[in-house]
Colleague: 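Quick one: the structure is below, questions incoming.
Chain naming here is simple, since letters A, B, ... match the order of the sequence lines and numbering starts at 1 in each. From a predicted model like this one, the values you see are computed outputs, not experimental measurements.
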There are 2 protein chains.
Amino acid sequence: MIGTMPRAATTSDAFNAIAEPRRRDILDYLAPRERPVGDIVLAVGLAQPSVSKHLRVLRDVGLVEVRRDGRHVFYRTNAEGIRPLHEWTSRFERYWRHQLARVKERAERN
Amino acid sequence: MIGTMPRAATTSDAFNAIAEPRRRDILDYLAPRERPVGDIVLAVGLAQPSVSKHLRVLRDVGLVEVRRDGRHVFYRTNAEGIRPLHEWTSRFERYWRHQLARVKERAERN
DNA sequence: CAATCATATGCCTATACAGGAATGTGTCAA
DNA sequence: TTGACACATTCCTGTATAGGCATATGATTG
């Protein structure tokens with residue numbers, strides 16, 4: 001049998017990958033520029049193995065890219081991978097703008 | 001003991017809630033206007049209990065709101081809940097714009 | 001009140017983590 | 001080659017699903 005359909009793998013797509021807060025922390029930290037794993041460990045305050053595992057997930061879904069330089073491994077964000085997420089959320093942008101407009105409108109009537 | 005720290009609950013925040021594709025389907029379907037559960041069931045092609053459970057999650061994180069009218073329960077999106085997601089992804093927007101610019105640049109040199 | 005429609009909730013199971021601890025792997029210096 | 005440094009991977013465990021199925025709940029009508 002195929003069995004049931006549990007929660008999807010974190011590596012199934014960017015949406016699942018960024019559901020984890022620490023992975024967003026990592027991406028935030030990497031946003032300005034590439035960093036070696038050791039720096040990421042210090043920045044996010046997690047154990048090194050945990051960080052490596054998170055980086056593995058981010059790498060599998062294409063949210064980060066890797067470059068090796070001697071003993072150091074540098075990670076950098078691949079913003080292109082975040083784009084689908086941004087585009088999906090953009091679909092609803094107009095709605096909160098409308099809401100904001102309504103709120104303002106009400107405020108101005110007082 | 002507190003135990004280990006497994007994957008966060010889907011109801012912990014919007015990021016976790018929308019990690020599930022069917023929930024995004026539901027939000028997409030609700031985007032234009034409110035709908036009763038029965039219509040959502042037909043639209044997403046899931047069993048009614050599954051849909052109700054997804055709606056429950058979306059409701060718990062504030063991504064949808066409910067209105068009851070007789071036997072029918074109408075759900076509508078609360079775009080405000082998607083906003084944090086949009087804003088988080090916006091942080092990286094400039095990067096893919098830069099990438100796009102670089103790609104264009106290369107193309108124009110040929 | 002009974003029957004029915006529209007939803008919601010409970011139970012069960014296979015699956016997928018996330019972190020901790022220990023260990024493996026690759027690279028460089030002496 | 002040996003030791004140290006920088007990361008990656010494996011194993012283990014408690015927790016959190018997502019869907020199927022059965023059932024409970026709320027509202028409407030006869």
Colleague: To the nearest Å, how far apart are B:R35 CZ and C:dA6 P?
Modeller: 16 Å
Colleague: Among pairs that include at least one residue of residues 14-23 of chain A, which meet salt bridge (Lys or Arg N to Asp or Glu O under 4.0 Å), considering only residues two or more places apart or in two chains?
Modeller: A:R22-A:D25
Colleague: Does the B:Y75 side chain pair with the main chain of B:E65, one donor and one acceptor, at a distance under 3.5 Å?
Modeller: no
Colleague: Closer to the 5' end of DNA chain C via nearest nucleotide, is it B:V66 or A:A9?
Modeller: B:V66
Colleague: In whole Å, I'd like the distance from the CG atom of A:L55 to the P atom of D:dA6.
Modeller: 16 Å
Colleague: Would you mind telling me which of C:dG20, C:dA16, D:dC7 lies closest to the side-chain atoms of A:H72?
Modeller: D:dC7
Colleague: For B:D60 and D:dA18, what is the distance between atoms CG and P respectively, to the nearest whole Å?
Modeller: 12 Å
Colleague: Does the A:N16 side chain pair with the main chain of B:A19, one donor and one acceptor, at a distance under 3.5 Å?
Modeller: yes
Colleague: Going hydrophobic residue to hydrophobic residue with side-chain gaps under 4.5 angstrom, can you get from A:V37 over to A:L27?
Modeller: yes
Colleague: Please determine whether a side-chain nitrogen or oxygen atom of A:T10 lies at a distance below 4.0 Å from atom OP1 or OP2 of C:dC17.
Modeller: yes
Colleague: Answer yes or no for B:R24 and A:F15: cation-pi contact, defined as NZ/CZ to six-membered ring centre under 6.0 Å and angle to ring axis within 45°.
Modeller: yes
Colleague: If you only use heavy atoms from C-beta on, which nucleotide in D:dA18, D:dA8, D:dG19 is closest to the side chain of B:K53?
Modeller: D:dG19
Colleague: Rounded off to whole Å, could you give me the NE2-to-P distance for the B:H54 and C:dT9 pair?
Modeller: 15 Å
Colleague: In this structure, would B:V51 and B:V66 fall into the same cluster of hydrophobic residues linked by side-chain contacts under 4.5 Å?
Modeller: yes
Colleague: In whole angstrom, give the distance that lies between atom CZ of A:R67 and atom C1' of D:dC7.
Modeller: 15 Å
Colleague: Side chain of B:V73 only, please: which of C:dA16, C:dT7, D:dG14 is the nearest?
Modeller: C:dT7
Colleague: Step by step, work out the side-chain contact (heavy atoms from CB on, under 4.5 Å) result for A:V61 and A:D13.
Modeller: CA-CA 6 Å; A:V61 299; A:D13 56 47; 5.7 Å; no
Colleague: Protein within reach of the bases, or only the backbone? For nucleotides 23-30 of chain D, mark each nucleotide 5' to 3' as B, S or -, using heavy atoms under 4.0 Å.
Modeller: ---BBS--
Colleague: Please report, rounded to the nearest Å, how far the P atom of D:dG20 is from the CE atom of A:M5.
Modeller: 9 Å
Colleague: Look at A:Y75 and D:dA6 and indicate whether a side-chain polar atom (N or O) is within less than 4.0 Å of OP1 or OP2.
Modeller: no
Colleague: Say whether, by atom type as modelled, one donor and one acceptor occur between the side chain of B:S12 and the main chain of B:A8 under 3.5 angstrom.
Modeller: no
Colleague: Between A:S52 and B:V57, which residue's closest nucleotide on DNA chain D lies nearer the 5′ terminus?
Modeller: A:S52
Colleague: Rounded to the nearest Å, what distance is computed from the CZ atom of residue B:R56 to the P atom of nucleotide D:dG19?
Modeller: 17 Å
Colleague: Does anything in residues 16-32 of chain B come within less than 4.0 Å of DNA chain C? Heavy atoms only, and list the residues if so.
Modeller: none
Colleague: Taking the nucleotide of DNA chain D with the nearest heavy atom to each, does A:R7 or A:F74 sit closer to the 5' end?
Modeller: A:F74
Colleague: Distance alone, cut at 3.5 Å: any donor-acceptor contact between the side chains of B:T89 and B:E93?
Modeller: no
Colleague: Within the 3.5 Å criterion, strictly below it, is a donor on B:N78 or B:R59 matched to an acceptor on the partner's side chain?
Modeller: no
